[in-house]
Amino acid sequence: MRVYFDYNATTPLAPEVADAVASATQDLFGNASSVHYFGQQAKAAMDEARTAIGSLVGAEASEIVFTSGGTEADNFAIRGAAEAAEPGGRRHLIASSIEHEAVLNTLKALGRRGWRTTLLPVDQSGVVSPDRLRELISDDTAVVSVMHANNEIGTVQPIAELAAIAHGRGALMHTDAVQSVGKIPVDVRAPGVDLLSLSAHKFNGPKGAGALWIKRGTRMQPILTGGKHERNRRAGTENVPAIVGLGVAARLAAGKLAPEATRVAALRDRLEEGILRSVAGTAVNGAREARVPNTTNISFDRVEAESLLIALDLEGVAVSTGSACSSGTLEPSHVLRAMGYPPHRTQNSLRFSLGMFSTEEEVDRVAALVPGLVEKLRSLTRKTAVGG
């Protein structure tokens with residue numbers, strides 16, 4: 001049995017999505033900007049997808065801008081809003097210290113261009129304090145960006161309270177909702193944000209498709225120059241098959257959001273409790289109350305996370321040490337480091353993330369495998385230590 005518990009990195013395509021993408025690839029080959037039949041057929045399919053995404057997040061279809069994924073959506077949100085605000089003298093950007101690299105590296109890039117940037121600290125719960133935002137925001141802050149749910153530990157942030165503080169100082173509020181849309185209810189109106197990013201492949205849609213919700217009336221500067229696509233907001237011929245797949249994934253998610261969240265949360269809790277009960281020296285990283293239902297991040301004392309990951313992979317189980325966008329490096333998790341954990345804990349933690357196709361049988365298999373693998377790795381460490 002092969003077990004895939006790395007849904008936060010990417011998700012398998014839902015069968016309905018795969019069928020829709022294949023059909024659109026074959027049949028909807030027209031350019032959606034063309035006025036003839038083939039172009040208008042493609043445009044109609046895109047409009048249907050735009051409506052489905054709007055329904056999923058409580059937005060108007062006209063406020064949805066298609067992108068190539070979450071990274072582009074985050075870049076567009078921050079760069080586009082910042083450049084639009086720059087003539088008014090606002091040259092300050094704020095983000096949390098546990099954001100995805102798409103946000104953190106965008107702030108770094110703008111910092112090299114003279115923008116002042118500030119990272120909001122978090123404590124070991126992994127939650128941003130609204131009081132810290134009040135202390136750090138200023139009258140020249142253009143954008144505050146705080147992710148809705150963290151990709152490594154799953155914690156959900158108090159976005160509504162943070163947005164109210166940002167607006168009180170005249171700043172825009174962006175939230176990266178890539179890890180929450182399709183998993184928990186997300187209504188763009190409720191938290192009062194101005195910009196929200198999402199990505200299809202995080203909720204059983206195709207890679208290469210995402211969206212940025214831009215609240216009506218929000219001033220944005222396009223970051224891609226070219227044609228007049230997406231109402232002059234994002235130049236470039238649209239990836240119609242991927243967008244169609246995104247729309248189908250959005251409809252599927254909306255249709256089963258509550259029962260699926262309950263089912264997956266029960267599986268996650270079963271796995272988490274099984275590991276914590278049977279393996280000494282384990283702990284959950286971050287708050288266990290306010291988090292997305294599919295994610296747990298567990299620390300294993302006296303075990304290198306990479307070694308345990310490889311051992312699990314050899315047994316047919318796929319998990320991760322954190323963000324897939326940071327894989328291939330030996331750097332400890334910037335999220336756990338920002339939470340104030342000691343160095344050993346930032347390097348001995350694994351993320352287990354479940355989803356649509358996860359089952360009790362898979363959970364029980366992994367929970368049964370982990371204790372023996374951990375003990376084997378710890379015994380090797382002890383032997384190495386004794387041997388000098």
Side-chain angles (χ1 to χ4, degrees), residues 1-19 21-22 69-70 100 149-154 178-184 198-210 242 245-246 248-249 252-253 256-257 259-275 279 284-285 291-298 300 303 305-328 333 349-374:
M1 177 195 295
R2 285 208 169 269
V3 178
Y4 184 77
F5 280 176
D6 199 16
Y7 277 74
N8 284 10
T10 195
T11 57
L13 281 181
E16 299 92 332
V17 173
D19 290 344
V21 171
H100 188 276
N150 184 264
N151 53 309
E152 292 194 22
I153 58 175
V178 164
Q179 292 291 352
S180 57
V181 170
K183 296 177 184 175
I184 59 176
L198 61 90
S199 182
H201 78 105
K202 301 299 187 179
F203 54 100
N204 307 104
K207 298 174 183 66
L246 170 54
V248 173
L252 290 174
K256 58 180 181 179
L257 200 58
E260 182 65 2
T262 300
R263 185 189 75 87
V264 173
L267 291 177
R268 187 270 316 274
D269 292 346
R270 182 181 181 123
L271 174 66
E272 187 176 83
E273 293 302 329
I275 292 173
V279 183
V284 174
N285 297 317
R291 56 178 171 164
V292 286
N294 78 313
T295 305
T296 181
N297 190 298
I298 300 177
F300 296 85
V303 173
E306 296 281 356
S307 299
L308 182 52
L309 183 153
I310 293 169
L312 283 165
D313 188 50
L314 290 172
E315 295 288 344
V317 178
V319 297
S320 71
T321 55
S323 171
C325 298
S326 299
S327 63
S333 163
S349 299
L350 286 184
R351 179 185 70 185
F352 300 81
S353 50
L354 287 63
M356 174 187 284
F357 301 107
S358 301
T359 65
E360 284 189 4
E361 184 182 9
E362 291 178 333
V363 165
D364 292 344
R365 170 167 165 73
V366 175
L369 274 173
V370 169
L373 295 176
V374 169

Next on the checklist: Pair T295, N8 - check side-chain hydrogen bond (donor to acceptor under 3.5 Å, both in side chains), show working.
Outcome noted: CA-CA 8 Å; T295 305; N8 284 10; 3.0 Å; yes
Item to check | Distance in Å, D364 CG paired with L369 CG, rounded so as to fall on 0.5 Å steps | outcome: 11.0 Å
Checklist entry - Could you state the interatomic distance from CD1 (I310) to CG (L373), rounded to the nearest 0.5 Å? => result 12.0 Å
Item to check | side chain to side chain contact (heavy atoms under 4.5 Å, CB included) evaluation trace for L271 with V366 | outcome: CA-CA 8 Å; L271 174 66; V366 175; 3.9 Å; yes
Next on the checklist: Walk me through whether F5 and L312 qualify under side chain to side chain contact (heavy atoms under 4.5 Å, CB included).
Outcome noted: CA-CA 11 Å; F5 280 176; L312 283 165; over 6 Å; no
Item to check | Backbone N/O of P293 and side chain of K183: donor-acceptor pair under 3.5 Å | outcome: no
Next on the checklist: Would the distance check show the side chain of N204 and the main-chain N or O of P12 forming a donor-acceptor pair, the cut-off being under 3.5 Å?
Outcome noted: yes
Item to check | Nearest heavy atoms of A209 and A242, plus distance in Å | outcome: CB-O, 3.6 Å
Checklist entry - To the nearest 0.5 Å, what is the distance between NE2 (H100) and CG (N150)? => result 10.0 Å
Item to check | Whether T359 side chain and E362 backbone form a donor-acceptor pair below 3.5 Å | outcome: yes
Item to check | S349 OG to I153 CD1 distance, which is reported to the nearest 0.5 Å | outcome: 10.5 Å
Checklist outcome for this item: Correct closest heavy-atom pair for G245 and V21 would be CA-CG2, 3.7 Å
Checklist entry - Got a second to check how far K207's NZ is from L246's CG, nearest 0.5 Å? => result 13.5 Å
Checklist entry - Under 3.5 Å, side chain of R263 to main-chain N/O of G355, donor-acceptor pair present? => result yes
Item to check | Closest non-hydrogen atom pair between V319 and F352, with its separation | outcome: CG1-CD2, 3.5 Å
Item to check | Donor-acceptor under 3.5 Å (R351 side chain, G154 main chain) | outcome: no
Checklist entry - With a 4.0 Å cut-off, would you call E272 and R291 a salt bridge? => result yes
Item to check | Minimum side-chain heavy-atom gap N297-L350 below 4.5 Å | outcome: no
Checklist entry - For the side chain of Y4 and the backbone of D6, is there at least one donor-acceptor N/O pair under 3.5 Å apart? => result yes
Next on the checklist: On a heavy-atom basis, which atom in V292 and which in A149 lie closest, and how many Å separate them?
Outcome noted: CG1-CB, 3.6 Å
Checklist entry - Mind checking whether T296 and V284 have side chains closer than 4.5 Å, heavy atoms only? => result yes
Checklist entry - Should N285 and I298 be marked as a side chain to side chain contact (heavy atoms under 4.5 Å, CB included) after you check the CA-CA gap, both sets of side-chain angles, and the distance that decides it? => result CA-CA 6 Å; N285 297 317; I298 300 177; 6.0 Å; no
Next on the checklist: Could you check whether any side-chain N or O of T11 sits under 3.5 Å from a backbone N or O of H201, counting only pairs where one atom can act as donor and the other as acceptor?
Outcome noted: yes
Checklist outcome for this item: CG of L267 to OG of S358, rounded to nearest 0.5 Å, is 6.5 Å
Next on the checklist: Is there a side-chain contact between L252 and V17 in this structure, where contact means two heavy atoms from C-beta onward sitting under 4.5 Å apart?
Outcome noted: yes
Checklist outcome for this item: Heavy-atom closest pair (E260 atom, M356 atom, distance to 0.1 Å) is OE2-CA, 3.3 Å
Next on the checklist: For L354, is there any backbone N or O sitting under 3.5 Å from a side-chain donor or acceptor partner on N294?
Outcome noted: yes
Next on the checklist: For a 4.5 angstrom cut-off between non-hydrogen side-chain atoms, does D313 reach E315?
Outcome noted: no
Item to check | Residue pair F203 / V181: nearest heavy atoms and the distance that separates them | outcome: CD2-O, 3.6 Å
